[in-house]
Structures are given as structure tokens and as C-alpha cells.
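Chain A is the first sequence line, chain B the second, and so forth, proteins listed ahead of strands; every chain is numbered from 1.
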Amino acid sequence: MGIPGKEKMWDKEEKEHRKYDDVRIFTDKDFNNYTEDELKAFKPKHATPMLDELEKGPWPSFVSDLKREALHRHKVGQDNLLIPMEAVDDLLGVVELSYKEGETHWKHGGIVGVLGYGGGVIGRYCDQQQMFPSVAHFHTIRVNQPGAKFYNTDFLRAFCDICEYRGSGITNMHGSTGDMVMLGSTTEQLEPIFFDLTHDLGNDIGGSGSNLRTPSDCIGPGRCEFACYDTLAMCYEMTMAFQDELHRPAFPYKFKFKFDGCPNGCVAAIARSDMAFIGTWKDDIRINQEAIQAYVADKIPRDGGGMAGANWGPFNIQEEIIDRCPTGCMTWDGKKLSINNPECSRCMHCINAMPEALRVGKDTGVSILFGAKAPILEGAQMSVLTVPFMYAKHPFESQQALARKVQDWWIEEGKNRERLGELIQRMGLKTLIEVLGIPAMPQMVKEPRSNPYVFFKESEVPGGWQRDIGDYRSRHPK
Amino acid sequence: MSKGRLGYYNPDKKQENRITDIGPSHFRQFMPPVLRKNYGNWASHRVLDPGLLMHVSETGDKAFTVRVGAPRVMSVEHIREICSIADKYCGGYVRWTTRNNVEFITDKEDTAKALKKDLDSRKHIGGSFKFPSGGTGNSITNIVHTQGWLHCHTPATDASGLVKAVADALFDDFKTMRMPAKLRVSMACCLNMCGAVHCSDIALLGYHRKPPAIDDDAVGKGCEIPLVVAACPLYAIKPVTTAEGKKTVTINQEKCMYCGNCYTMCLGLPLADKEGDGVAILAGGKISNRISGPKFSKVVVPWLPNEMPRWPTVVKTVKQIVEVYAKDANKYERLGDWAERIGWERFFEKCGLEFSWHLLDDYRLAYDTFRTSTQFKYTDHAWAVSKAVGGI
């Protein structure tokens with residue numbers, strides 16, 4: 001929980017910890033209250049012949065799942081629910097209608113939210129309210145997920161109760177940005193939900209609109225040997241440091257932080273975040289020569305065993321590692337692997353391929369990149385490498401200061417709905433580095449510019465730009 | 001937690017006992033003991049089986065993870081079933097991955113194997129698996145996606161249903177690890193790309209093809225016209241006053257690229273249209289820095305129709321690309337790296353995809369994507385051009 005001193009509120013390993021039973025809404029009789037035969041025989045309110053086709057096939061069917069929830073709501077009964085019992089029946093109905101008509105039946109949201117916040121809730125209304133009254137109002141609440149989406153079942157069950165009692169019982173686990181998403185509540189229920197989330201779950205809601213969006217992170221040091229910094233701690237601390245920006249819209253548009261522990265990029269920070277933190281190192285790749293021999297002798301499977309589904313033949317270190325290294329910085333003399341580390345660009349290939357023999361360095365930190373966004377409007381952009389290396393030490397104050405500098409610039413100069421990356425495009429990377437007070441480096445570009453149209457600064461040119469035509473004419477008569 | 005319409009919330013004293021700005025619950029309390037104990041001390045990992053991972057720490061401790069697929073749209077009944085499983089096998093701990101998979105973690109290999117068996121045995125009444133294990137290594141893991149017709153106002157297609165149909169077709173590859181490298185499929189139901197699918201090996205993208213219909217009344221009453229005009233990236237929208245004196249807008253339809261940015265600003269300009277809407281397929285993107293840098297996905301099929309409920313043409317096309325890639329690419333070669341090696345002309349030829357004028361970029365910086373060299377390979381596409389100019 002974000003409340004200082006209550007970070008272990010749900011911790012099962014602590015003697016005094018909150019349990020599901022302490023906060024539950026439903027009783028045991030509300031659960032496991034239908035049989036498999038009842039589920040088989042269950043007919044939701046609307047016939048859904050097209051959606052029924054999506055119950056077939058092996059991949060988990062969301063339609064089967066929705067039907068199960070529809071039945072459960074019937075079994076729990078309207079007396080025990082604050083959102084219409086038939087919400088999921090009507091949800092199935094409205095989606096079926098879209099399948100028939102090929103068009104959505106959801107309308108724009110109005111401005112809805114909780115007092116003092118300008119984000120975290122997205123208003124949603126159905127445009128066929130007569131046909132589907134139980135989903136006429138069907139708002140979304142984004143709940144800020146815990147780091148790397150770790151949960152215990154006490155917390156999750158409590159979350160489920162509130163989703164079902166004050167919402168439709170349907171969630172997204174998770175939204176694209178990372179939140180736990182509760183679907184299908186009403187304006188009236190927003191404050192009670194927020195009260196219970198904060199008091200009983202000890203958990204805040206997430207971002208939407210022109211806010212900082214809910215930051216997200218990879219599993220990092222929690223379970224990954226590639227983690228070059230503590231993604232979980234940094235994501236948490238940055239989320240806490242920017243609570244005001246997360247809840248109260250003060251930006252030109254959305255802003256995303258994402259935390260990847262290494263250049264493999266499991267949370268896609270480089271493609272999805274305005275400010276991407278990607279783990280890296282500046283010393284040498286650690287080599288275990290004995291384990292290298294084991295790979296060469298095919299005693300350890302390549303790529304951690306992740307390629308075992310096809311027959312790729314015996315492991316060939318020259319062909320698979322040395323020749324594929326993008327910088328050609330590795331050699332193999334038949335016995336020993338050598339790496340010319342200053343030439344390594346840390347692509348991770350050799351480490352991914354031989355994780356039991358090669359490790360990321362020990363002197364680790366983050367690279368920081370700015371400006372990624374999806375295509376709307378100027379086209380898709382990836383983040384630009386701006387800070388090559390920075391130590392990432394708790395409580396991450398230097399990263400916070402950097403983020404604030406960039407955000408202040410963007411708030412000042414950005415146009416309505418202009419992402420940071422678009423501002424960088426419009427005002428130039430040179431302006432960004434001025435704002436950050438950092439020098440230019442060739443690592444910021446794929447290649448130097450091919451046009452020579454350099455906008456020099458007046459101060460760089462001796463004598464400045466204020467010229468005396470008389471002086472010129474004294475040398476060059478008309 | 002509270003019961004009753006307003007629960008503990010007192011609308012007369014809105015600020016009473018209000019807690020704000022507390023952020024997310026702290027992650028550490030939710031980590032399984034074996035992960036806490038070895039936090040930051042992991043040494044290596046191995047995929048023991050599709051869907052079963054083993055992580056080894058410096059101390060020799062091991063964590064076993066069973067990864068299962070899940071639809072991102074999930075009922076609380078489904079989550080409660082996940083909780084029961086986590087209680088039974090994992091001391092009540094469970095997590096989700098960035099790609100919507102669910103992971104159960106334990107420090108005992110036997111438990112993990114029993115758990116995997118249990119998970120793979122559970123089926124929905126309709127016959128689909130509830131918790132299929134897989135999605136590790138070079139499998140085709142879970143398809144991340146957006147809301148679609150289930151909950152969004154701007155989609156050009158459904159998300160959950162299309163993904164279900166494609167995931168069914170790729171299911172064997174979720175359960176095995178035969179791909180040359182990781183192959184990530186992602187789906188976004190409109191250009192807004194909540195799913196940010198623009199760097200995926202295969203991306204499915206809902207796409208409108210008709211400019212907005214203009215509801216003069218709604219535009220006049222409900223929209224900030226200057227914002228609507230400014231919202232258009234192609235300057236296609238102009239403010240006008242109708243003969244009856246209504247304030248509204250006109251749209252230069254030739255300029256419109258159907259992005260829907262105006263509709264986001266103004267509910268009087270809907271785009272959704274049964275005939276107009278469909279799905280584009282992009283390919284060859286990646287996020288990872290492994291071997292080659294991150295790359296954008298490129299449009300390889302400009303549009304396919306929405307064929308509810310199971311999108312057979314989209315499914316067939318995806319499957320076609322996947323099969324050719326699986327057969328033709330070298331080990332460690334991502335789809336985009338493979339296409340670049342063999343040449344995009346060969347990619348289109350091998351995958352049996354049409355290359356029409358739609359695939360010639362005409363947006364900003366389009367020239368950068370044109371080939372300005374004489375290095376190319378001959379395919380039927382090339383002969384068709386030679387014939388068209390009377391050259392052969």
C-alpha cells in the first residue's frame with residue numbers, strides 16, 4: 001500500500017496482515033453456487049449465435065467466461081448486487097449486435113471521476129439503452145496495478161468482490177498500459193468504489209486523459225537474471241513521486257514511464273513510453289568458460305531451452321554466436337570465448353543464447369530514451385536514446401529531476417494533444433538537450449544529418465547577425 | 001468492504017476520511033517467498049517444457065513458474081478460480097505478465113508439474129481450455145489486444161473475438177517452441193493503438209475506410225469546433241455555418257485518412273461503418289535490441305474485411321505468414337530480420353501476398369521508404385512492371 005508504514009498490509013508473511021475475510025463483501029454461499037449442468041443449460045437473456053461460435057476452438061474463450069459470470073450474477077441475485085444483475089447478459093447482447101452489424105455500440109464518455117482527481121475513470125455509455133438497459137452506463141475504472149503484476153489471493157479476491165458488487169464483474173487483466181481494469185460501473189458507484197479501494201484494498205486508481213499514465217515495469221530483479229537495475233523499486237518510487245501528475249491532468253497529453261530491466265525490453269518501453277528506462281551495463285559481460293564448454297558440447301540447450309520445439313542441429317558457437325554478434329566483438333579459438341567489451345553494444349544475443357555461461361555486467365544502470373508513441377498523429381515513433389548511462393539508485397531522485405525538467409518544457413511548449421515525441425520532432429532534439437543541459441553525442445543518431453541546413457546560433461558566429469551594410473559596401477561598391 | 005448504495009461514502013461530507021494519492025499496493029508483499037529471498041540474486045533460467053520455467057539463484061534456490069494463456073477480458077469468476085489454484089499450489093501467490101499470461105510460481109518442481117497438469121485439464125463448458133500452459137521461449141505467446149466492440153467507441157473491428165480466432169489457429173505454436181525466434185502477435189482495434197502494436201512481428205489493426213459522417217446537429221451542440229478543426233492531422237476539416245445558420249464543419253474527403261482523431265474530439269463525426277471497416281496486417285516489427293535494433297511493423301496487407309464471427313481471411317493470412325516464416329527463416333532470426341535478408345519482394349512472393357499501390361507510403365517522410373538503388377530481386381511483381389511498360 002502506498003500509505004507510508006502500510007507497505008506490508010496484505011503481506012501473508014507478516015503476523016498481522018489483512019486477509020480477504022477482513023474485507024469481503026460476499027459470503028461463502030455466494031460462491032460455487034451453480035453446478036456444471038446448470039452452466040451447460042444456462043441461456044443468457046439474449047441469443048448470441050455468432051458469439052457462440054467463439055466458444056469453439058482451444059484458446060480460452062472469453063464468451064464462455066462471460067456466460068459463466070452472467071450465470072453467477074443471476075445466482076448471487078439482484079439483492080446482493082448494486083449494478084444490474086443482467087449486466088453481463090446485456091454485454092453479451094450488445095457485442096452480438098456489433099457482430100451482426102459490424103459497428104460498435106459504445107458512445108463517448110462524459111466527464112466522470114472522483115472528487116479531486118481528473119483521471120482514472122473513463123465514462124462509457126451504450127447507444128442502444130432500450131435494448132440493453134443493464135449496460136446503459138458502463139464506466140471503466142483503472143486501478144493502479146502492483147509492480148510486475150504480483151498479487152496474493154487475499155487482495156485479488158477482495159478486488160473481485162468490489163468488481164462484482166459495484167461493477168459488472170468483468171475486468172481486463174490487464175489494460176494495455178498495465179492497470180487492473182474494472183468494467184461496467186455507474187457514476188453513482190465511483191465514490192464508494194474509490195473509498196473501498198483506498199481504505200480497504202490500500203490501492204489507488206490509475207491515470208487517464210492528459211495525465212501521467214500508470215507506469216509499468218518488467219519483473220526485473222524479482223525473477224530475472226538480466227535485470228540491470230531494480231525496475232520494481234524504481235517504478236514504485238516514480239509512481240509515488242508523481243502521484244499529483246498521475247491523478248490531476250496538467251499535461252498537453254498523455255505521458256508514459258516504462259521500466260525495462262535490460263535491452264530485451266519485455267514491457268516495450270522503447271516503443272510505448274515518452275520516457276523509457278532501459279537497463280544496461282558499462283563494464284564487461286561476465287563469462288563462465290566452463291559453462292561455454294558445456295554449451296559447445298550440447299550439454300546445456302541454447303536459448304535457455306526456449307528453442308527446443310524444432311531441430312536446429314548441434315550447437316555451433318561460431319555460427320550461432322560469434323558470426324551473429326552485430327558488432328563482431330567476439331572470438332572463439334576452439335577453447336575459449338573472448339569478448340572485446342568496449343566494442344560490444346549490449347544487444348543481449350549471446351547472453352540470451354547462453355544464459356548459463358554469460359551474464360550482464362556488474363556495473364549496471366539505465367539508459368534513458370524519450371519520445372515514443374503510437375501512430376496518431378504524426379506517425380509512430382520510437383524513443384530516442386538521450387542519456388546513455390545513469391546509475392539508478394533508490395530513491396531515484398536524479399531520474400525524477402530529469403523527468404521534471406522534460407515535463408516542464410513540454411507543459412510550457414507543447415500544443416494540445418501533442419506528445420513529447422512530437423514536440424521533439426517540432427522543436428528539435430537540439431532543444432531537448434538544451435533543456436536537459438546535456439551535450440550532443442553521436443549515440444543520439446543513427447547517422448549524421450545528410451542535409452547541411454544547420455541553424456547556427458547567433459552567439460556562435462563572431463560579430464553576431466547585426467550587420468552594417470555600409471561596412472559591406474565599403475568593400476563591395478554597388 | 002462497504003455494502004449499500006453509497007457504502008462508507010458520505011455525499012454530504014465528501015472530504016470526510018478521504019484518502020488520496022496512495023499509489024499502488026507495494027509489490028514486495030505480493031511476491032512469493034522464494035522470489036523475495038532471492039531478489040536480485042538470480043543467476044540463470046531454463047525453459048524445462050513449454051509453459052514451465054526454472055529460475056536458479058546464486059544460492060542454488062530454484063523457482064518454478066507455470067505460465068498459462070488467458071484472455072485479457074476476464075470475469076471475477078475466472079480470477080477466483082485462479083485464486084483457488086494459487087491457494088492450492090502456490091501459497092496464495094500469482095502474477096500476470098505484460099502479455100496477459102498468468103504465472104504460478106512455486107519453489108518445488110513436483111508441485112509445478114502437478115500444477116501444470118491440473119491447469120491443462122481445466123476446460124470451459126464450451127470446450128476451450130481455461131488455462132493452457134505454454135507461451136515460453138520461441139512459441140507464439142499470448143496476443144495482446146485492445147477493447148474492441150466489447151467496450152470502446154472508436155474500433156473498426158472487434159478485438160477479443162478476432163484474437164480468439166487467430167489464437168485458436170496459432171494454438172499449437174503456443175504449446176510448442178518451434179519458431180526460429182520469438183514471434184509476437186498483437187492486435188489494436190483502431191489507429192489510436194491503445195495496444196501499441198506498431199513494433200510487433202505480426203500486428204492486426206482495425207482500420208476504417210470511410211471519412212466521418214457529419215451530424216451537423218451534434219457537432220454544433222456538442223463539440224468545440226476549433227478543437228475539431230485542429231485535431232485533423234491533414235487539415236481536412238473546416239468550420240462552416242449551414243444555410244439554416246447551424247455551426248458545423250465540412251470535411252475534404254479526399255484528404256481524410258480515417259484516423260478518427262476528430263471523432264475522439266467530437267461525437268458528431270462517427271466513422272464506424274460495416275462496409276468501410278476492416279483489418280490491416282502489419283509485419284516485421286520488434287521491440288528487443290537482440291542482434292538488430294527495434295523496428296516498426298510494416299503494412300503488408302492494407303485491408304481485409306470484417307468477417308464475423310471468426311475472420312477466416314485474416315486468420316488464413318496470418319497463418320500463411322507464420323508458416324512461411326517458420327519454414328524459411330534462420331534460427332534466431334526475427335520475422336523482420338528475415339524479410340530484410342530475403343528482401344521484401346521475396347517476402348511478398350513467398351507469403352503469397354499481393355503488393356498493391358496501397359503499400360507505397362504517401363504519408364510524411366514517405367520518400368525514406370522508397371528504394372533508391374538497383375539492388376533488387378526478380379519476382380512476378382517486377383515482371384508485371386516490365387510488361388506494363390512494354391519492356392518485355
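- Highest contact tally toward chain A, considering only Val144(B), Thr146(B), Asp158(B), is held by Asp158(B) [criterion: heavy-atom pairs under 4.5 Å].
- Between Asn264(A) and Asn352(A), the side chains place a donor N or O and an acceptor N or O closer than 3.5 Å (distance only, hydrogens not considered).
- Heavy-atom distances place no part of Thr177(A) under 4.5 Å from chain B, backbone and side chain included.
- Residue-level contacts of residues 165-174 of chain B with chain A, in order of numbering, are Ala167(B), Asp168(B), Phe171(B), Phe174(B); threshold 4.5 Å between heavy atoms.
- Contact of the Asp196(A) side chain with the Arg166(A) side chain is registered, since non-hydrogen atoms from C-beta on lie closer than 4.5 Å.
- Contact annotation for Pro11(B): neither backbone nor side-chain heavy atoms come within less than 4.5 Å of a heavy atom of chain A.
- Using a 4.5 Å cut-off between heavy atoms, Leu191(B) contacts chain A through both its backbone and its side chain.
- In this structure, the portions of Ser61(A) lying under 4.5 Å from any heavy atom of chain B include both its backbone and its side chain.
- Looking only at side-chain heavy atoms (C-beta outward), Phe150(A) and Arg28(B) stay at 4.5 Å or farther from each other.
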Checklist entry - Between Glu14(A) and Lys8(A), does a salt bridge (charged side-chain N to carboxylate O under 4.0 Å, His left out) hold up when you go through it step by step? => result CA-CA 8 Å; Glu14(A) 299 286 312; Lys8(A) 295 179 175 177; 3.8 Å; yes

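- Side-chain contact check for Asp230(A) and Tyr236(A): no donor-acceptor pair (N or O, by modelled atom type) lies under 3.5 Å.
- For the residue pair Ser64(A) and Glu55(A), a side-chain donor N or O sits within less than 3.5 Å of a side-chain acceptor on the partner.
- A donor-acceptor pair shorter than 3.5 Å can be found between the side chains of His72(A) and Glu164(A).
- In this structure, chain B has no heavy atom under 4.5 Å from any part of Ile193(A).
- Interface check for chain B: of the options Glu13(A), Lys67(A), Arg302(A), the most heavy-atom pairs under 4.5 Å are formed by Glu13(A).
- Each of Asn306(B), Thr176(B), Val197(B), Ile79(B) has some count of heavy-atom pairs under 4.5 Å with chain A, and the biggest count is that of Ile79(B).
- At a threshold of 4.0 Å, the pair Arg46(B)-Glu356(A) counts as salt-bridged, since one of the basic side-chain nitrogens sits closer than that to a carboxylate oxygen.
- Side-chain contact check for Thr153(A) and Asp87(B): at least one donor-acceptor pair (N or O, by modelled atom type) lies under 3.5 Å.
- No side-chain heavy atom of Met1(B) sits under 4.5 Å from any side-chain heavy atom of Arg24(A).
- Contact annotation for Phe195(A): only side-chain heavy atoms (C-beta onward) come within less than 4.5 Å of a heavy atom of chain B.
- Your options are Ser216(A), Cys160(A), Gly147(A), Ala310(A), and the one with the most heavy-atom pairs under 4.5 Å with chain B is Cys160(A).
- Cation-pi contact between Arg124(A) and Phe138(A): absent, since separation from the ring centre below 6.0 Å together with deviation from the ring axis within 45° is not met.
- For His55(B), the part lying under 4.5 angstrom from a heavy atom of chain A is the side chain only.
- Checked by atom type, the side-chain pair Asn203(A)/Ser25(B) shows a donor-acceptor distance below 3.5 Å.
- Looking at Cys259(B), both its backbone and its side chain come within 4.5 Å of chain A, counting heavy atoms on both sides.
- Chosen from Gly278(B), Ser75(B), Ser84(B), Ala272(B), the residue pairing most often with chain A at heavy-atom distances under 4.5 Å is Ser75(B).
- When each of Thr65(B), Thr97(B), Leu53(B) is scored by its heavy-atom pairs under 4.5 Å with chain A, the top score falls to Thr65(B).
- The existence of a salt bridge linking Arg223(A) and Glu103(B) is confirmed by a sub-4.0 Å separation between a basic side-chain nitrogen and an acidic carboxylate oxygen.
- If you measure heavy-atom distances from Lys100(A) to chain B, the contacts under 4.5 Å come from the backbone alone.
- Two residues are said to be in side-chain contact when any heavy atoms from C-beta on lie closer than 4.5 Å; Arg72(B) and Ser176(A) meet this criterion.
- Using modelled atom types, one finds a donor on one side chain and an acceptor on the other under 3.5 Å when comparing Glu101(A) with His105(A).
- With a 4.5 angstrom heavy-atom cutoff, Ile105(B) touches chain A only via side-chain atoms.
- Residues Trp42(B) and Cys224(A) have side chains not in contact (no heavy-atom distance under 4.5 Å, counting atoms from C-beta outward).
- The residue among Gly137(B), Pro155(B), Ser128(B), Gly148(B) with the most heavy atom pairs within less than 4.5 Å of chain A is Ser128(B).
- With a 4.5 Å cut-off on non-hydrogen atoms, Ala70(B) touches chain A through its backbone but not through its side chain.
- When each of Gln147(B), His124(B), Arg18(B), Arg80(B) is checked for heavy-atom pairs under 4.5 Å with chain A, Arg80(B) comes out on top.
- Ile270(A) touches chain B through its side chain: at least one heavy atom from C-beta onward sits under 4.5 Å away, while N, CA, C and O do not.
- Your options are Glu53(A), Glu191(A), Glu188(A), and the one with the most heavy-atom pairs under 4.5 Å with chain B is Glu191(A).
- Looking at Leu48(B), neither its backbone nor its side chain comes within 4.5 Å of chain A, counting heavy atoms on both sides.
- Inspection of the Glu225(A) and His45(B) side chains reveals an N or O donor paired with an N or O acceptor under 3.5 Å.
- No part of Ala357(A) comes within reach of chain B, as not one of its non-hydrogen atoms sits under 4.5 angstrom from that chain.
- When heavy atoms are compared at a cutoff of 4.5 Å, Asp52(A) does not approach chain B at all.
- Arg99(B) does not touch chain A: none of its heavy atoms, backbone or side chain, sits under 4.5 Å away.
- Residues Ile125(B) and Phe42(A) have side chains not in contact (no heavy-atom distance under 4.5 Å, counting atoms from C-beta outward).
- Proximity to chain B involves both the backbone and the side chain of Ala308(A), based on heavy atoms less than 4.5 angstrom apart.
- In this structure, chain A has heavy atoms under 4.5 Å from both the backbone and the side chain of His151(B).
- Among the candidates Ala269(A), Gly379(A), Gly178(A), Pro375(A), the residue making the largest number of heavy-atom pairs closer than 4.5 Å to chain B is Pro375(A).
- Heavy-atom pairs under 4.5 Å with chain B were tallied for Trp106(A), Tyr165(A), Phe194(A); the largest tally goes to Trp106(A).
- Of the atoms belonging to Leu82(A), heavy atoms from both backbone and side chain fall under 4.5 Å from chain B.
- Classification of the His247(A)-Tyr117(A) ring pair by plane angle, with boundaries at 30° and 60°, yields parallel.
- Contacts between Tyr39(B) and chain A at a heavy-atom distance below 4.5 Å involve backbone atoms as well as side-chain atoms.
- In this structure, chain A has a heavy atom under 4.5 Å from the side chain of Asp277(B), while its backbone stays farther away.
- In this structure, chain A has no heavy atom under 4.5 Å from any part of Ser292(B).
- Residue Ala231(B) touches chain A through its backbone alone, counting heavy-atom pairs closer than 4.5 Å.
- Using a 4.0 Å cut-off between charged nitrogen and carboxylate oxygen, Asp11(A) and Lys6(A) do not count as a salt-bridge pair.
- At a 4.5 Å heavy-atom cutoff, the contact between Ile25(A) and chain B is made by backbone and side-chain atoms alike.
- The parts of Asn17(B) that come within reach of chain A are both its backbone and its side chain, each placing non-hydrogen atoms under 4.5 angstrom from that chain.
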